[in-house]
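As structure tokens, the structure follows; a few thoughts come after it.
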Amino acid sequence: MTTTLESGMIMTDNFQLTNAFAWLSILGSGLIVLGYEWWFRESSKLHPLRFARTAHAHVRAQWVQSLMRQPGNELLAIQTIRNSVMSSSIIASTAILTLMGTVSLLTQASPGSLRHQNGDLLQVLTPGSILAGLLIAILLMTFVLSTMAVRFFNHAGYLMTTLSTDTNRESLIIVASRYMVRAGNHYSQAMRTLFWLSPVAAGLISIWLVAPTSLVLIRVLSWFDHAQEPLDGLLKSPDGQFPGAD
């Protein structure tokens with residue numbers, strides 16, 4: 001009898017330890033990813049051309065300005081924007097189909113907990129349910145960002161092919177540049193959210209994989225965010241300002 005009680009106590013202690021580690025892994029991994037994004041945001045304000053995301057925003061703005069100041073390139077602009085729209089549409093379609101499949105699988109796996117029929121709130125909010133919620137939120141965020149990218153790419157295409165006079169051309173160029181930068185930023189962020197899925201998916205397999213996968217994710221993101229080529233001399237305008245990115 002005593003042996004049985006001791007075994008039960010050991011199993012309870014191990015479960016509590018594993019549960020505490022699971023919550024610490026999720027919280028720590030979230031802080032790691034958010035901390036990196038905060039560091040990138042602050043660093044890119046000081047040195048925009050050292051990072052691919054901000055440097056490419058300047059490239060897109062300069063591309064719009066160069067084409068709109070040289071009439072006759074409207075077909076080239078539309079073909080390039082069409083490719084970007086198709087790429088964003090593929091990401092949006094992939095995200096929403098994966099989201100629908102995820103919700104369907106989770107509902108079939110544990111319909112009671114998802115419909116709040118079993119247990120109280122503390123029983124429903126398990127590490128597994130939090131990871132499942134994060135998975136759904138990330139997929140939804142990817143879909144929204146990709147859709148917004150399509151929206152602004154389309155607006156930029158209309159503006160770039162609008163017939164204009166010399167008096168209002170500069171105003172159109174400024175607006176089209178900003179729309180193109182916003183479209184590119186939404187597309188870039190949608191791609192990044194797909195990378196965020198890696199520690200969440202790994203955690204659904206084993207909670208011990210969340211923290212290591214988050215560290216690998218940060219390493220991959222830092223590699224993607226590093227500008228591969230020096231762009232300082234290419235992107236500065238004669239007055240020393242960066243064109244169009246906001």
Side-chain angles (χ1 to χ4, degrees), residues 36-92 141-196 220-246:
Y36 174 80
E37 293 295 335
W38 177 84
W39 171 84
F40 169 82
R41 185 178 183 86
E42 296 300 319
S43 299
S44 61
K45 292 179 182 178
L46 299 176
H47 307 286
L49 296 184
R50 291 185 182 179
F51 301 95
R53 273 190 282 174
T54 46
H56 293 165
H58 296 306
V59 170
R60 286 188 289 267
Q62 195 168 37
W63 176 78
V64 171
Q65 295 174 13
S66 63
L67 290 186
M68 293 187 70
R69 290 194 174 105
Q70 298 177 6
N73 294 310
E74 291 80 6
L75 182 60
L76 173 62
I78 291 302
Q79 288 177 338
T80 305
I81 292 175
R82 181 191 62 185
N83 294 336
S84 298
V85 168
M86 291 177 62
S87 180
S88 300
S89 300
I90 291 173
I91 295 177
M141 186 185 304
T142 302
F143 171 74
V144 172
L145 289 170
S146 302
T147 305
M148 293 296 292
V150 172
R151 174 190 177 193
F152 282 104
F153 277 131
N154 285 329
H155 291 335
Y158 289 130
L159 289 171
M160 292 184 68
T161 54
T162 299
L163 298 177
S164 60
T165 61
D166 293 336
T167 57
N168 65 349
R169 179 173 299 172
E170 287 301 318
S171 298
L172 284 175
I173 290 175
I174 292 174
V175 177
S177 299
R178 291 178 177 175
Y179 275 23
M180 183 61 69
V181 169
R182 292 187 66 178
N185 288 342
H186 286 310
Y187 174 79
S188 175
Q189 192 59 51
M191 291 288 293
R192 295 178 72 80
T193 56
L194 289 179
F195 285 105
W196 292 356
V220 172
L221 290 179
S222 64
W223 181 78
F224 272 100
D225 286 333
H226 178 69
Q228 301 298 318
E229 298 293 338
L231 299 175
D232 300 68
L234 297 177
L235 295 181
K236 283 186 179 179
S237 58
D239 58 359
Q241 301 297 319
F242 295 112
D246 56 0

**Message:** If you apply the rule side chain to side chain contact (heavy atoms under 4.5 Å, CB included), what do you find for Trp196 with Leu221, and how did you get there?
**Reply:** CA-CA 10 Å; Trp196 292 356; Leu221 290 179; 4.2 Å; yes
**Request:** Would you please test Leu145 and Arg192 for side chain to side chain contact (heavy atoms under 4.5 Å, CB included) and show each step?
**Result:** CA-CA 10 Å; Leu145 289 170; Arg192 295 178 72 80; over 6 Å; no
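- Taken from CG in Leu49 to NE2 in His58, the straight-line distance is 5.5 Å, to the nearest 0.5 Å.
- Atoms OG1 and CD1, on Thr161 and Ile81 in that order, are 7.5 Å from each other to the nearest 0.5 Å.
- A tilted orientation is assigned to the rings of His155 and Tyr158, their planes being inclined by 30° to 60°.
- Judged purely by distance below 3.5 Å, without hydrogens or angles, the side chains of Tyr187 and Ser84 never pair a donor atom with an acceptor atom.
- For the atom pair CG of Leu194 and CD of Gln189, the computed distance is 10.5 Å after rounding to the nearest 0.5 Å.
- Ring-plane geometry between Phe195 and Phe224 is classed as tilted, the angle between the planes lying from 30 to 60 degrees on a 0 to 90 degree scale.
- Annotation: the span from Thr54 atom OG1 to Leu46 atom CG amounts to 11.0 Å, rounded to 0.5 Å.
- Residues Val64 and Ile173 come closest through the heavy atom pair CG1-O, 4.4 Å.
- Taking CD of Glu37 as the start and CG of Asp225 as the end, the distance is 7.0 Å to the nearest 0.5 Å.
- For the residue pair Ala156 and Met180, the shortest heavy atom distance occurs at CB-CE, 3.8 Å.
- Applying the salt bridge (Lys or Arg N to Asp or Glu O under 4.0 Å) test to every pair with at least one member in residues 147-156, sequence neighbours left out, gives no pairs at all.
- Proximity of a side-chain donor or acceptor of Ser146 to a complementary backbone N or O of Phe143 within less than 3.5 Å is not detected.
- More than 12 heavy atoms of other residues, nucleotides or ligands shown are found within 6.0 angstrom of CZ on Arg69.
- Taken from CD in Glu74 to CE in Met68, the straight-line distance is 9.0 Å, to the nearest 0.5 Å.
- The two residues Thr147 and Ala92 come nearest to each other via the heavy atoms OG1-CB, 4.4 Å.
- Between Ser89 and Val150 the shortest heavy-atom distance is OG-CG2, 3.8 Å.
- Pairing each heavy atom of Ser88 with each of Phe153, the nearest pair is OG-CE1, 3.7 Å.
- Ser44 contributes a side-chain N or O that, together with a main-chain N or O of Arg41, makes up a donor-acceptor pair within less than 3.5 Å.
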**Prompt:** How far apart are the C-alpha atoms of Met160 and Trp63, what are their side-chain angles, what is the distance that settles it, and do they pass the side chain to side chain contact (heavy atoms under 4.5 Å, CB included) test?
**Reply:** CA-CA 11 Å; Met160 292 184 68; Trp63 176 78; 3.9 Å; yes
**Message:** If you apply the rule ring pair (Phe, Tyr, Trp, His ring centres under 6.0 Å), what do you find for Phe51 with Trp39, and how did you get there?
**Reply:** CA-CA 12 Å; Phe51 301 95; Trp39 171 84; 5.8 Å; yes
